[in-house]
Amino acid sequence: MDIEEKVKLIRENLDKEIKSVQSTNDLSNLKVKYLGKKGCVTELTHDMANLSIEEKKEIGRISNELKSRVDAIFSECEEALKNKELEKKIASEKIDITLPSTKISVGSANILEKLIEEMEELFVSMGYDVVEGPEVEKDLYNFELLNLPKGHPARDAQDTFYTYESTLLLRSQTSPVQIRTMLKNKDKTPLRVICPGKTYRRDDDDATHSHQFTQIEGLLVDKNVSLADLKGTFDVVAKKFFGEERKTRFRPSFYPFTEPSVELDISCFNCEGKGCSICKGTGWITVGGAGIVNHNVLDNCGYDSTVWSGFAFGFGAERLAMLKYGISDIRTFYTNDLRIKDNFDRKDND
Ligand code: DAH
């Protein structure tokens with residue numbers, strides 16, 4: 001067979017074989033077969049020892065031509081393979097945006113915190129400032145200046161945690177923040193503050209009691225303040241937290257720091273006043289205590305009680321949240337059970 005025929009045969013074979021190449025592996029095997037040391041293209045230039053210079057030149061030219069042609073075919077094939085593989089990769093990595101996403105669990109505020117924030121917002125919208133006080137408090141502020149001198153029987157109602165220092169205690173109410181606020185206001189100007197915070201009492205923990213709980217205290221001092229002002233303010237709170245249809249009522253009570261003192265009741269949101277287990281058949285639910293600031297308290301804090309008057313109130317934050325969200329156990333607020341959080345998040349989004 002002369003060289004021309006050999007070349008023709010090689011090209012025909014290569015044209016056929018290149019079509020069945022499926023992978024880079026197939027391609028490199030084929031490269032070896034054609035261009036390797038013993039490959040058919042390489043072998044064309046073997047056994048040229050007995051040929052003339054002219055013939056050697058001619059065969060060299062033909063085999064070089066063939067080699068570059070074969071190279072070109074392999075490069076083309078390699079390029080096509082790469083493109084195919086890239087397409088395959090892109091197809092396999094395609095993101096289906098219609099698939100449901102995996103749920104990422106995010107944190108959210110405790111419902112008690114939410115209620116406190118809502119209360120703060122409501123009072124800020126009525127011109128109140130939010131103030132805080134220390135949880136380790138002086139007996140002087142927690143009791144004495146609030147018209148609860150040592151030995152006063154009303155102290156017993158607040159079974160208090162004392163520290164080793166008999167003048168210091170864990171505050172049993174947020175009312176001492178009233179004292180702090182009035183004392184601090186040296187110019188004795190009108191005041192409107194709301195004071196949310198933790199309080200402590202030596203209660204055994206059960207479904208409705210906790211040794212640590214939260215109160216939201218309010219104080220307004222101005223001239224000619226009456227129970228009617230307190231009633232109007234309480235109405236706003238009741239409607240905001242328990243619905244527009246809520247009615248409110250005052251029930252006579254006793255607190256040493258207010259005179260007169262009242263219990264704050266709202267009409268039952270569950271039975272609309274007919275009587276049910278939530279309101280214990282009375283149609284009314286008590287949500288806090290309040291009253292007109294006792295003149296002794298004003299005087300104790302440097303406000304002349306013949307000129308100034310005020311009202312004060314205290315809500316139990318857990319109690320409000322339990323009623324609002326239908327929670328039966330106060331300990332719910334302090335457990336770290338995420339199912340509870342998720343449950344209320346869902347309720348909020350409904
Ligand atoms: N400090 C009271 C308590 O813990 C609640 C309270 C009642 C606060 C009447 C007040 C008030 O400011 O005027 O039971």
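For ligands, and for the atoms within them, numbers begin at 1 and follow the listed sequence.
- A heavy-atom cutoff of 4.0 Å around ligand 1 is satisfied by the protein residues Gln158, Gln173, Ser175, Gln178, Arg201, Gln215, Glu217, Tyr255, Phe257, Thr258, Gly289, Ala290, Gly291, Ala312, Phe313, Gly314.
- Checking Lys37 against Thr42 by side-chain atom types alone, no donor-acceptor pair falls below 3.5 Å.
- Contact check on Glu79 versus Lys82 returns no salt bridge, with no Lys/Arg side-chain nitrogen under 4.0 Å from an Asp/Glu carboxylate oxygen.
- Using cut-offs of 30° and 60° on the angle between ring planes, the pair Phe269 and Phe242 is parallel.
- Screening residues 308-321 for side chain to side chain donor-acceptor pair (under 3.5 Å), with sequence neighbours left out, gives Thr214-Glu318, Glu318-Tyr334.
- Rounding to the nearest 0.5 Å gives a distance of 12.5 Å between CZ of Arg202 and OG of Ser172.
- Counted by atom type alone, Ser267 and Arg246 present one or more donor-acceptor pairs between their side chains at under 3.5 Å.
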